[in-house]
Amino acid sequence: MRSHIQLSSEGAQIVESNRTIRDKKGDSLLELPNSFTIIDIETTGLDPRFDEIIELSAIRVINGEEVKTFSELVKPDYSISNFIKELTGITEEMLSEADTIDSVLPRYLNFIGDDIVVGYNVHFDVNFIYDNTIKYLNNSFENNLIDVMRFAKLLIKDSKNHQLKTMAEYFSIDYDNLHRGLEDCKVTFFLFKELRDTINEQFKNETDFLKRQQQGLKSAHITTDITEFDEDNPLFQNNCAFTGTLAHMARKEAYQIVKDLGGKPQDNVTKKTNYLILGDTDYSKVKDGKSRKLKNAEKYQLEGLDINIISEQVFYDIINV
DNA sequence: TCTCCTCGAGATCT
DNA sequence: CTCGAGGAGA
């Protein structure tokens, strides 16, 4: 397949086969600022290379308060599909009176300024804006961004998926016209607030959550409210490490269960390890099919240390699941 | 123990 | 794109 290279003086957008590189795109931040601009766009499809923008919407938020909104329809070059008509409720007739992208986009970018842009799966919107800014204005869109979906996935585990609609229902957020720009901005704004509250409920404070997220999953972060333990449980006061992916729970949940039983979850196998639980390690990258943790455990076992290498199923039996 | 890298799996936007 | 997991090297 031949590559199509498209170069521009500002914010080079290189289209190679079916992959697009946007080298001046802003950073994706895991932050909770008080001032930002919520964005949402409607398009004629999912692919920025072929599809067009038909609505640009935004809400300016300062110190947590909505202060201004922007929402304009955009007249596309080509007609829109029935699917999009159904999805958004936007008709050809509505679009026929709208301005074209080259005149609406500058107003939109002016409204956004250099604010951090916040959105749901915000990369989708930013990619369209980025490409259209190059194409029509020969300029780049470098604003940093915050993806609310990222927070949703990190915080909401008991949900069938993380679509905006599902999350809105999860938090009982009302919406009248989902898939219209401004309405989706409002839902995203409420959702962002709810997720911030969730963080404050589940963690000491916001920075505590953000710091942990950066550091990744550490067994030392797992805490328990339980004060009285069953001292007969095999895990009680014992060090437990895991290797591989567990079939029935996340590593984090397993750590929590160990902690709740009075055991001590570990990130690595050490000479103090008492149990190594084997998950699925059928990875091509694991040499000999044995992870470093398993190799260490076997080594220590040969040295006569009290370390039990057990299967995932035995672990479930011990914890009574 | 830590920091950074690589890789595969899974999901969302219109 | 993001995350989780293992690996390598300091």
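Since the model is a prediction, treat every value here as computed from it, not as a measurement. Labels below follow one simple rule: chain letters A, B, ... track the order of the sequence lines, proteins then strands, and each chain is numbered from 1.
Atom CZ in A/Phe242 sits about 16 Å away from atom C1' in C/dG6, given to the nearest Å. Atom NZ of A/Lys165 is separated from atom P of B/dT12 by 13 Å (rounded to the nearest Å). Between A/Lys153 atom NZ and C/dC1 atom C1' the separation is 8 Å, expressed in whole Å. Across the protein-nucleic acid pair, A/Asn177 atom CG and B/dT14 atom C1' stand 16 Å apart, rounded to whole Å. As rounded to whole Å, 16 Å separates atom C1' of B/dT12 from atom CD1 of A/Ile156. B/dC13 atom P lies 6 Å from atom OH of A/Tyr120, rounded to whole Å. In this entry the distance linking CG of A/Asn121 with P of B/dG10 reads 18 Å, nearest Å. What separates CD1 of A/Ile39 from P of B/dT14 is a distance of 12 Å, to the nearest Å.
For the pair A/Phe209 and A/Asn200, the minimum side-chain heavy-atom distance is 4.5 Å or more. Side-chain atoms of A/Leu30 and A/Phe151, non-hydrogen and from C-beta on, do get closer than 4.5 Å to each other.
Of the listed nucleotides (C/dG6, B/dT12, B/dT14), C/dG6 has the atom at the smallest distance from the side chain of A/Thr243. Distances from the side chain of A/Asp184 to the nucleotides C/dT2, B/dT14, C/dC1 place B/dT14 closest. For A/Arg150, whose side chain is taken as the heavy atoms from C-beta onward, the closest listed nucleotide among C/dC3, B/dT14, B/dT12 is C/dC3. Nearest to the side chain of A/Met149, among B/dT14, B/dT12, C/dG6, sits B/dT12. The side chain of A/Thr88 lies closest to B/dT14, out of C/dC3, B/dC13, B/dT14. Nearest nucleotide to the A/Leu154 side chain, out of C/dC3, B/dT14, C/dC1: C/dC3. In this structure, of C/dG6, B/dT12, B/dC13, it is B/dC13 that holds the atom nearest to the side chain of A/Phe124. When distances are taken from the side chain of A/Ser28 to each of C/dT2, B/dC13, B/dT14, the shortest belongs to C/dT2.
Within the 4.0 Å cut-off from OP1 or OP2 of C/dT2, at least one side-chain nitrogen or oxygen of A/His123 is found.
Counting only N and O atoms by type, the side chains of A/Tyr175 and A/Asp184 include no donor and acceptor under 3.5 Å apart. Inspection of the A/Gln313 and A/Ser311 side chains reveals no N or O donor paired with an N or O acceptor under 3.5 Å.
One N or O on the side chain of A/Asn143 and one on the backbone of A/Gly113 form a donor-acceptor pair closer than 3.5 Å.
If you check every strand for non-hydrogen atoms under 4.0 Å, A/Phe128 touches nothing. Across all strands shown, A/Asp125 has no heavy atoms under 4.0 Å from either base or sugar-phosphate atoms. Within the nucleic acid shown, A/Leu164 comes within 4.0 Å of sugar-phosphate atoms alone, with no base atom in reach, counting heavy atoms only.
Base pairing annotation: C/dG6 forms a Watson-Crick or G-U wobble pair with B/dC5, both donor-acceptor distances under 3.5 Å.
One finds a salt bridge joining A/Arg22 and A/Asp131 here, because a Lys/Arg side-chain nitrogen approaches an Asp/Glu carboxylate oxygen to under 4.0 Å.
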